Amino acid sequence: MKITVKFFTSLREITGKKEDEIQSSSVITVEELLAHLSKKYGREFTEYLYDEKGNVQKYIQILINGRGINVLQGFETKLKEGDTVAIFPPVGGG
């Protein structure tokens with residue numbers, strides 16, 4: 001199964017990529033995908049994504065095919081073949 005992950009702003013700088021394709025031999029959840037990405041991209045990615053208790057930072061927005069995970073099953077949302085996951089860090093403005 002192939003999943004496309006899109007990175008924005010600071011995460012794009014940390015990963016050095018706009019997007020990545022993740023291959024999985026089984027169904028994975030958003031939580032499992034984030035754990036995989038943390039292992040793949042290392043300490044800086046992990047420290048940016050997670051707080052000191054190991055929870056995903058509240059300001060990180062995650063969309064699956066344009067829908068926020070908060071209107072799906074949250075971090076337990078199961079990903080399907082061809083899904084696109086977008087990870088948005090906070091965006092400043094003013």
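As the structure is a prediction and not an experimental result, all values here were calculated from the model.
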Engineer: Under a 4.5 Å cut-off applied to non-hydrogen side-chain atoms, are Leu37 and Ile87 in contact?
Structural biologist: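 Touching, per the 4.5 Å side-chain cut-off.
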Engineer: Sorted by first residue and then second, give each salt bridge (Lys or Arg N to Asp or Glu O under 4.0 Å) pair with at least one member in residues 75-88; sequence neighbours left out.
Structural biologist: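 Only Lys80-Asp83 qualify under salt bridge (Lys or Arg N to Asp or Glu O under 4.0 Å).
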Engineer: Please list all pairs passing the salt bridge (Lys or Arg N to Asp or Glu O under 4.0 Å) test where one or both residues lie in residues 34-47, with sequence neighbours left out.
Structural biologist: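 Qualifying pairs, neighbours excluded: Asp20-Lys40, Arg43-Glu47.
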Engineer: Can you run down the ring-ring contact (aromatic ring centres under 6.0 Å, His included) pairs that involve residues 61-80, sequence neighbours left out, and say none if there aren't any?
Structural biologist: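 For residues 61-80: none.
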Engineer: Could you name each residue pair satisfying ring-ring contact (aromatic ring centres under 6.0 Å, His included) that touches residues 6-26, not counting sequence neighbours?
Structural biologist: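 As it turns out, the ring-ring contact (aromatic ring centres under 6.0 Å, His included) pairs with a partner in residues 6-26, which skip direct neighbours, are Phe7-Tyr41, Phe8-Phe88.
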Engineer: Quick one, Leu79 and Val85 - any side-chain contact, counting heavy atoms below 4.5 Å?
Structural biologist: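 The answer is yes; the side chains approach within 4.5 Å.
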Engineer: Under 4.5 Å between side-chain heavy atoms, counting indirect links through other Ile/Leu/Val/Met/Phe/Trp/Tyr residues: same cluster for Met1 and Val30 or not?
Structural biologist: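 Cluster IDs for Met1 and Val30 match.
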Engineer: Going by side chain to side chain contact (heavy atoms under 4.5 Å, CB included), name the residues that satisfy it together with Glu52, two or more places apart in sequence or in a different chain.
Structural biologist: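 Here no residue qualifies.
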Engineer: Please round to the nearest 0.5 Å and tell me the distance separating atom OG1 of Thr77 and atom CD1 of Ile28.
Structural biologist: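 The distance works out to 12.0 Å.
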Engineer: Indicate yes or no: at least one non-hydrogen side-chain atom of His36 is less than 4.5 angstrom from one of Ile22.
Structural biologist: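 A side-chain contact under 4.5 Å exists here.
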Engineer: Rounded to the nearest 0.5 Å, how far does OG1 of Thr29 lie from CG of Leu34?
Structural biologist: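 Leu34 CG to Thr29 OG1: 8.0 Å, rounded to 0.5 Å.
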Engineer: Which atom pairs, one a donor and one an acceptor, fall under 3.5 Å between side chains of residues 55-64 and the rest of the protein, sequence neighbours left out?
Structural biologist:
unit_1: Gln57; atom_1: NE2; unit_2: Tyr50; atom_2: O; d: 3.2

Engineer: Would you call Lys6 and Thr84 a side-chain contact if the rule is heavy atoms closer than 4.5 Å?
Structural biologist: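 The answer is yes; the side chains approach within 4.5 Å.
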